[in-house]
Amino acid sequence: MTTTPTPGEAALGYEQARDELIEVVRKLEAGGTTLEESLALWERGEELAKVCRRWLDGARARLDAALAEEEEEEEAGDTGGAGE
């Protein structure tokens, strides 16, 4: 599974995808659309949710990597200082 958005999805930022997803949900909850329109909205919502999930997964991976790097640096510092 890819943790970063594909180039086409990257053009749609997380906030943009989230905001559009909120609007899709509002329209679905309001009702008054045909079955075909509702299905199209649902499909768009699924696409937008995937974009958001990829952005969030990518952010989580970056945070985990940064935390792991910080932890390694701290461990290296602790080991280096013990011999003095």
Side-chain angles (χ1 to χ4, degrees):
M1 177 178 183
T2 332
T3 56
T4 56
T6 63
E9 293 168 344
L12 188 62
Y14 171 78
E15 290 81 6
Q16 292 170 309
R18 181 202 60 213
D19 291 347
E20 187 178 341
L21 180 56
I22 290 168
E23 187 59 31
V24 166
V25 170
R26 283 186 186 145
K27 288 178 183 177
L28 285 169
E29 288 178 341
T33 57
T34 66
L35 177 60
E36 191 169 321
E37 291 169 335
S38 294
L39 287 173
L41 285 168
W42 179 269
E43 289 170 347
R44 181 60 179 159
E46 288 292 324
E47 292 171 11
L48 292 165
K50 287 178 186 177
V51 170
C52 290
R53 172 58 57 199
R54 286 191 186 107
W55 275 107
L56 292 172
D57 288 346
R60 169 56 65 193
R62 290 174 62 191
L63 285 171
D64 289 345
L67 291 172
E69 184 178 314
E70 184 178 301
E71 190 174 296
E72 287 175 10
E73 289 174 2
E74 287 175 4
E75 288 176 4
D78 290 345
T79 306
E84 293 178 18

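We use all heavy atoms of the structure for the numbers below, so side chains are in, but hydrogens, waters and symmetry mates are not.
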**Q.** Separation between CD of Glu70 and CG of Leu63, rounded to the nearest 0.5 Å
**A.** 11.0 Å
Q. So do Arg60 and Asp64 actually touch side chain to side chain, heavy atoms under 4.5 Å?
A. yes
Q | Any side-chain heavy-atom pair of Leu48 and Leu12 under 4.5 Å | A | yes
(Q) Once side-chain hydrogen bond (donor to acceptor under 3.5 Å, both in side chains) is applied, do any residues pair with Arg44, and if so which ones, sequence neighbours excluded? (A) Glu20, Glu47
Q. If Ile, Leu, Val, Met, Phe, Trp and Tyr residues are connected whenever their side-chain heavy atoms lie under 4.5 Å apart, and connections chain through other members, are Leu39 and Leu41 in the same group?
A. no
Q. Taking a hydrophobic cluster as the set of Ile, Leu, Val, Met, Phe, Trp and Tyr residues connected by side-chain heavy atoms closer than 4.5 Å, whether directly or through intermediates, do Leu28 and Ile22 fall within one such cluster?
A. no
Nearest non-hydrogen partners of [X] and [Y], listed with the distance:
X     : Y     : result
Trp55 : Gly13 : NE1-C, 4.0 Å
Ala11 : Gln16 : O-OE1, 3.5 Å
Leu21 : Gly45 : CD1-O, 3.5 Å

